[in-house]
Peer 1: 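Handing you this structure, nothing more for now.
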Number of protein chains: 2
Amino acid sequence: MKATIYDIAKKAGVSIATVSRALGENRDKVKPETREKIYNICKELDYSPNSIAKYLAKKTTGSIGLVLPEIQGDFYTEIIKGVDEISYSGGYNLLVASSHSRRNIVESILGFMKESMVDGVVLMIPSMNKQIESILSKYQIPVVIISDMEGFDEYDKVSIDNYQGAYSITEYLIKTLGHTKIATICGPEENFDAQKRKKGYIDALKDAGLPIEKRWIVESDFTIKGGEIACSRLLSLKEKPDVIFAANDNMAAGCYNTANLLGYKIPEDLGVVGFDHVAFCDFLKPKLTTVHVQVSEIGRVSTNLLLERLSNKNKEDRPPKHLKISTGIIIGNSVIKKTTN
Amino acid sequence: MKATIYDIAKKAGVSIATVSRALGENRDKVKPETREKIYNICKELDYSPNSIAKYLAKKTTGSIGLVLPEIQGDFYTEIIKGVDEISYSGGYNLLVASSHSRRNIVESILGFMKESMVDGVVLMIPSMNKQIESILSKYQIPVVIISDMEGFDEYDKVSIDNYQGAYSITEYLIKTLGHTKIATICGPEENFDAQKRKKGYIDALKDAGLPIEKRWIVESDFTIKGGEIACSRLLSLKEKPDVIFAANDNMAAGCYNTANLLGYKIPEDLGVVGFDHVAFCDFLKPKLTTVHVQVSEIGRVSTNLLLERLSNKNKEDRPPKHLKISTGIIIGNSVIKKTTN
DNA sequence: CTCTGAAATGTAAGCGCTTACATTTCAAAT
DNA sequence: ATTTGAAATGTAAGCGCTTACATTTCAGAG
């Protein structure tokens with residue numbers, strides 16, 4: 001049987017209150033000698049407090065929750081890694097929930113919230129969901145949102161600077177490489193990241209005085225397959241683009257496949273650029289030019305915000321912060337200077 | 001303030017015991033009408049039981065823990081996916097812990113065990129660790145081990161059939177493709193999977209009457225970089241192998257890089273085969289011939305064993321099961337029939 | 001109409017801890 | 001020696017639930 005605080009108290013000849021104090025935040029309120037004695041007995045009996053009983057008494061679990069739309073893929077594990085790192089060093093346990101075929105994101109959140117299993121949650125919302133708002137306002141635990149959406153301004157929000165990333169790489173294609181015929185494969189319409197990336201692309205073209213060609217904007221779904229289909233659509237146009245800006249690396253990889261299949265050489269016949277800089281980029285030949293995102297930084301930053309909130313529990317609340325993680329461009333060989341022909 | 005069982009009881013004009021019964025496993029011990037009334041009030045007040053208080057009273061958390069050596073990479077997320085799927089459908093929550101720079105695997109296990117946060121754990125042990133054994137025997141909660149190690153026979157164990165996989169692909173190289181000069185890059189010596197894969201390779205050579213060439217067995221660390229180094233080592237030998245069996249796909253990818261760099265064409269100048277069939281294989285050109293492993297199946301199978309144990313809590317224990325997940329060969333274009341030259 | 005026992009419900013203890021408040025201890029001040 | 005108040009410790013309630021046991025209800029038997 002596992003030792004309880006009573007066992008320790010009895011063996012040390014003190015009350016359980018003293019043991020609790022010696023082990024908790026008020027160590028200094030117990031005499032150093034007794035404290036020492038208690039420590040030794042704890043070690044001897046291999047005692048460690050039951051965290052669940054502790055919760056019931058303190059109303060704080062020492063855990064934070066991370067809710068993701070999905071768990072597979074480098075992107076999400078990087079986020080987890082970032083969150084894990086910070087929560088661990090802040091002394092918190094991390095519970096991860098993700099939606100899957102049999103559980104949607106709302107259920108995941110509710111699981112945490114309703115059963116009061118966590119002190120706070122980091123919540124990634126990739127696209128609009130009406131239910132979420134009402135849930136969040138109902139349960140009053142601290143929440144940090146990872147999303148590039150409008151609204152939810154009363155919460156801390158963190159996201160990649162999608163707009164800036166897309167703008168920069170488009171501008172790079174135009175100004176540095178001299179391209180003018182640039183198409184984009186954007187992500188799902190309801191996806192916030194996709195929206196911002198598309199906007200960055202459009203604004204960069206506009207600012208350069210280039211026309212926005214509707215046919216060169218095709219929507220897809222952030223998957224490789226989706227990229228393949230979208231690419232072949234673009235290549236079948238009468239007026240073909242010279243470069244495709246795929247809104248993520250998966251779809252860029254899809255472009256590689258299609259180009260390969262149809263006999264286009266990258267970068268000579270078709271330039272491709274991506275977004276995310278996920279791990280598999282290293283395996284693409286030629287190396288993909290893409291927007292680098294410090295994904296784990298998103299996790300770290302958002303968790304820091306959450307811990308800030310948690311430690312301020314009873315003090316006055318600071319106003320919500322809205323942070324963007326900046327991006328950079330990774331130059332590969334998947335697109336070259338425009339040749340005048 | 002969140003509603004408690006008292007709120008429900010008061011509003012329904014019954015005792016908390018009745019509410020508890022109406023909501024728990026003994027629903028049938030409360031009159032249908034009262035039950036109905038209680039349900040409605042719960043819905044109205046948006047009540048759901050505090051699972052932590054429930055634990056304290058019942059001594060069962062409704063959660064299982066998954067302890068991984070790491071969380072990054074397709075391999076681990078596939079495992080998580082498998083475990084998640086089964087635990088979810090069995091009504092359990094899943095807590096995932098992994099070691100990282102600041103927390104080793106033993107700490108991860110202890111976190112779960114000591115604080116009694118989980119009813120059982122699925123534990124992946126990739127290499128020998130003496131502490132683990134004593135920890136496991138100290139805390140008597142059900143454990144399923146994912147590992148291809150000897151020992152721990154009193155626990156349920158699940159693993160990939162590493163030996164069979166390695167044997168098969170080596171045999172395939174010999175018998176089907178006619179190769180005789182086959183080198184291997186094996187994983188870390190202390191890693192159980194690596195040990196078994198190496199043994200499979202050796203036995204297949206032996207059984208075919210081929211000599212075991214010490215210089216053709218080089219140890220590495222399952223990383224891409226490690227594969228690169230090991231490959232250049234093999235290619236610098238006076239007597240070069242025709243094919244390299246890399247003990248995982250990462251190292252196989254490393255071989256691709258090195259071959260590329262040194263001017264060897266795959267598969268003409270050098271054949272490469274891998275193990276795992278992780279997602280990025282699709283991006284390797286030419287497509288990698290490798291051993292397919294149903295990774296998520298490992299998670300599913302082990303979790304099923306655990307749930308079996310948990311549901312049998314008080315009945316007689318069944319003897320431990322030791323299961324191997326079988327493998328298959330994915331034929332790519334990274335190795336071709338031996339040409340007589 | 002009373003009796004009986006199963007069904008329905010209530011009472012209260014207990015799960016392992018924290019903590020407000022009460023009590024005791026003890027060194028320093030008088 | 002006595003007083004005093006901070007320091008150290010103890011007492012006991014309470015966190016939200018489950019459940020053994022006690023009590024009440026009530027349909028059917030006598």
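Convention: sequence-line order gives letters A, B, ...; per-chain numbering from 1.
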Peer 1: What is the distance from NZ of Lys37(B) to C1' of dT9(C), rounded to the nearest Å?
Peer 2: 12 Å
Peer 1: Between P on dG16(D) and NZ on Lys54(B), what's the gap in Å once rounded to a whole number?
Peer 2: 15 Å
Peer 1: Rounding to a whole Å, what distance do you find between Asn26(A):CG and dT18(C):P?
Peer 2: 10 Å
Peer 1: Taking only N and O in the side chain of Tyr47(A), is any of them less than 4.0 Å away from OP1 or OP2 of dC17(C)?
Peer 2: yes
Peer 1: Rounded to whole Å, how long is the line connecting atom CD1 of Ile16(B) with atom P of dG16(D)?
Peer 2: 11 Å
Peer 1: Send over the distance from Ile52(B) CD1 to dG14(D) P, rounded to a whole Å.
Peer 2: 21 Å
Peer 1: State whether Ser20(B) places a side-chain N or O below 4.0 Å from either non-bridging phosphate oxygen (OP1 or OP2) of dT18(D).
Peer 2: yes
Peer 1: For Ile146(B) and Ser302(B), which heavy atoms make the closest approach, and how far apart are they?
Peer 2: CD1-OG, 3.7 Å
Peer 1: Do you know the tightest heavy-atom contact between Ser134(A) and Ser137(A)?
Peer 2: O-OG, 3.1 Å
Peer 1: Are Leu136(B) and Glu154(B) close enough that some pair of their side-chain heavy atoms sits under 4.5 Å apart?
Peer 2: no
Peer 1: Please check the phosphate of dA8(C) (OP1 and OP2 only) for any side-chain N or O of Thr34(B) closer than 4.0 Å.
Peer 2: no
Peer 1: So do Asp7(B) and Thr4(B) actually touch side chain to side chain, heavy atoms under 4.5 Å?
Peer 2: yes
Peer 1: How about Leu305(A) and Leu323(A): do any of their side-chain heavy atoms sit closer than 4.5 Å?
Peer 2: yes
Peer 1: Just N and O in the side chain of Thr18(A): are any of them under 4.0 Å from OP1 or OP2 of dT9(D)?
Peer 2: no
Peer 1: Give the nucleotide from the list dT19(D), dT19(C), dT9(C) with an atom nearest to the side chain of Lys58(B).
Peer 2: dT19(D)
Peer 1: Please determine if a side-chain N or O atom of Lys59(B) lies less than 4.0 Å away from the OP1 or OP2 oxygen of dG16(C).
Peer 2: yes
Peer 1: Between Ala12(B) and Lys37(B), what is the shortest heavy-atom contact and its length?
Peer 2: O-NZ, 3.3 Å
Peer 1: Here's a test of your reading of the structure: between Asp28(A) and Arg21(B), which maps to the more 5' nucleotide of DNA chain D?
Peer 2: Asp28(A)
Peer 1: Run Asn191(A) and Ser127(A) through side chain to side chain donor-acceptor pair (under 3.5 Å) and show every step you take.
Peer 2: CA-CA 5 Å; Asn191(A) 182 292; Ser127(A) 64; 5.9 Å; no
Peer 1: Which residue lies toward the 5' end of DNA chain D, Leu56(B) or Glu25(B), if each is placed at its nearest nucleotide?
Peer 2: Leu56(B)
Peer 1: Is any side-chain heavy atom of Ser63(A) closer than 4.5 Å to one of Met117(A)?
Peer 2: no
Peer 1: Rounded to whole angstrom units, what separation is found between the CG atom of Leu23(A) and the P atom of dT9(D)?
Peer 2: 14 Å
Peer 1: For Gly13(B) and Ala57(B), take the nucleotide of DNA chain C holding the closest heavy atom to each; which residue's nucleotide lies nearer the 5' end?
Peer 2: Gly13(B)
Peer 1: To the nearest Å, how far apart are Lys2(B) NZ and dG16(D) P?
Peer 2: 10 Å
Peer 1: Look at all strands and tell whether Asp7(A) reaches a base, only sugar-phosphate, or nothing, counting heavy atoms closer than 4.0 Å.
Peer 2: nothing
Peer 1: Closest to the Ser15(B) side chain: dG16(D), dG10(C), dC17(D)?
Peer 2: dG10(C)
Peer 1: Classify the nucleic acid contact of Tyr55(A) as base, sugar-phosphate or nothing, counting any heavy atom under 4.0 Å across all strands shown.
Peer 2: nothing
Peer 1: Return the value, rounded to whole Å, for the distance between atom CZ of Arg27(B) and atom P of dT19(D).
Peer 2: 13 Å
Peer 1: Report the end-to-end axis angle of the helix from dC1(C)-dG30(D) to dT30(C)-dA1(D); each axis comes from five terminal pairs, and the value is rounded to 10°.
Peer 2: 50°
